[in-house]
Amino acid sequence: MNYWLVKTEPETYGWDDLNKLGQDMWDGVRNYQARNHLNEMKQGDLVLFYHSGKAREVVGIAEVVRESYPDPTTDDNRWVVVDIIPKEALKKSVPLKLIKETDMLQNMKLIKQSRLSVMPVEKEEFDKILELSTH
DNA sequence: GCCAACGTTGGC
DNA sequence: GCCAACGTTGGC
């Protein structure tokens with residue numbers, strides 16, 4: 001199983017929106033690197049759900065329930081989506097600031113490549129963020 | 001509101 | 001094929 005992180009502007013589409021819908025497709029990705037990561041996602045993979053902009057924190061965990069297929073919101077066949085469901089809200093969201101202050105998380109693409117919207121996360125990093133969310 | 005990072009576009 | 005110009009993202 002693999003681990004991922006996706007970013008979204010909560011004012012446009014946030015964790016609450018996904019929860020209201022129960023399941024949704026992750027559409028709108030228009031960047032090759034992010035697209036390639038979507039293509040690598042497997043059913044059952046877990047996805048950290050990050051709010052960018054004003055919030056800047058990881059708020060929940062989603063699960064991939066359908067692997068990549070052509071993005072129905074465009075005729076351009078270069079782009080794909082996956083379907084995800086909300087799995088678990090973090091007890092306490094984990095702010096970017098805390099991630100930056102945590103030694104083990106220094107190599108996260110979230111820090112190193114701040115514009116990337118879909119990125120892989122190491123299991124150790126995933127577990128560490130869950131740990132940070134409990135206290 | 002500013003700016004760094006980085007992707008895309010278009011002229012040559 | 002290179003690179004300058006420009007647009008967008010996202011942190012500060």
Side-chain angles (χ1 to χ4, degrees):
Chain A
M1 139 138 56
N2 289 306
Y3 300 90
W4 308 92
L5 182 148
V6 296
K7 285 202 284 205
T8 179
E9 294 251 7
E11 292 79 10
T12 310
Y13 183 99
W15 179 245
D16 291 342
D17 297 297
L18 177 60
N19 276 274
K20 257 174 239 157
L21 292 167
Q23 173 173 338
D24 202 8
M25 60 181 178
W26 200 252
D27 65 346
V29 170
R30 296 291 182 270
N31 167 284
Y32 290 111
Q33 209 179 340
R35 190 274 316 267
N36 293 344
H37 293 320
L38 287 181
N39 274 328
E40 289 164 20
M41 288 187 184
K42 298 294 178 204
Q43 196 171 331
D45 283 358
L46 297 179
V47 182
L48 295 171
F49 199 98
Y50 176 82
H51 282 167
S52 64
K54 247 173 117 181
R56 268 170 275 138
E57 55 191 15
V58 179
V59 293
I61 304 166
E63 180 180 341
V64 177
V65 293
R66 183 177 172 192
E67 295 173 13
S68 66
Y69 57 98
D71 187 338
T73 65
T74 175
D75 290 335
D76 191 331
N77 62 12
R78 289 175 298 171
W79 309 117
V80 300
V81 301
V82 296
D83 286 354
I84 60 174
I85 57 171
K87 187 172 171 63
E88 194 185 337
L90 296 187
K91 210 170 289 174
K92 251 183 79 187
S93 56
V94 178
L96 179 63
K97 184 170 186 297
L98 183 55
I99 291 172
K100 285 189 165 174
E101 287 168 356
T102 304
D103 287 343
M104 273 196 59
L105 302 177
Q106 292 309 301
N107 289 326
M108 287 190 75
K109 290 203 172 57
L110 184 65
I111 300 177
K112 303 215 299 188
Q113 210 179 331
S114 69
R115 291 186 53 197
L116 187 60
S117 63
V118 180
M119 66 191 77
V121 172
E122 297 297 325
K123 183 180 194 315
E124 293 72 26
E125 295 168 342
F126 184 89
D127 289 344
K128 185 66 185 178
I129 286 175
L130 292 203
E131 188 194 320
L132 292 174
S133 75
T134 60
H135 49 79

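In the text below, chain A, chain B and the rest are named by the order of the sequence lines, each starting its count at 1. Computed from heavy atoms alone, side chains included, the values below leave out hydrogens, waters and symmetry copies. What you see is a predicted model; the values in this text were computed from it and never measured.
- Ring planes of His37(A) and Trp4(A): tilted class, angle from 30 to 60°.
- Atom CD in Gln113(A) sits about 15 Å away from atom C1' in dG11(C), given to the nearest Å.
- A straight line from CD1 of Ile111(A) to P of dC12(C) spans 9 Å, rounded to a whole angstrom.
- A close approach under 4.0 Å does not occur between any side-chain nitrogen or oxygen of Tyr32(A) and OP1 or OP2 of dC6(B).
- Rounded to whole Å, the distance from CG on Leu116(A) to C1' on dA4(B) is 16 Å.
- Look at CZ on Arg115(A): it is 5 Å from C1' on dC6(B), rounded to the nearest Å.
- In this structure, Lys128(A) does not pair ionically with Glu124(A), as no charged nitrogen and carboxylate oxygen lie closer than 4.0 Å.
- Taking atom CZ on Arg78(A) and atom C1' on dT8(B), their separation rounds to 11 Å, with Å as the unit.
- In summary, Asp16(A) and Lys20(A) do not engage in a salt bridge, as defined by a charged side-chain N under 4.0 Å from a carboxylate O.
- Here dG10(C) presents its C1' atom at 14 Å from CG of Leu5(A), a figure rounded to the nearest Å.
- Rounding to whole angstrom units, NZ of residue Lys109(A) and P of dC6(B) are separated by 12 Å.
- Linking Ile, Leu, Val, Met, Phe, Trp and Tyr residues whenever their side-chain heavy atoms come within less than 4.5 Å leaves Ile61(A) and Leu21(A) in two separate clusters.
- Residue Leu96(A) contributes atom CG, which lies 6 Å from atom P of dG11(C) at whole-angstrom precision.
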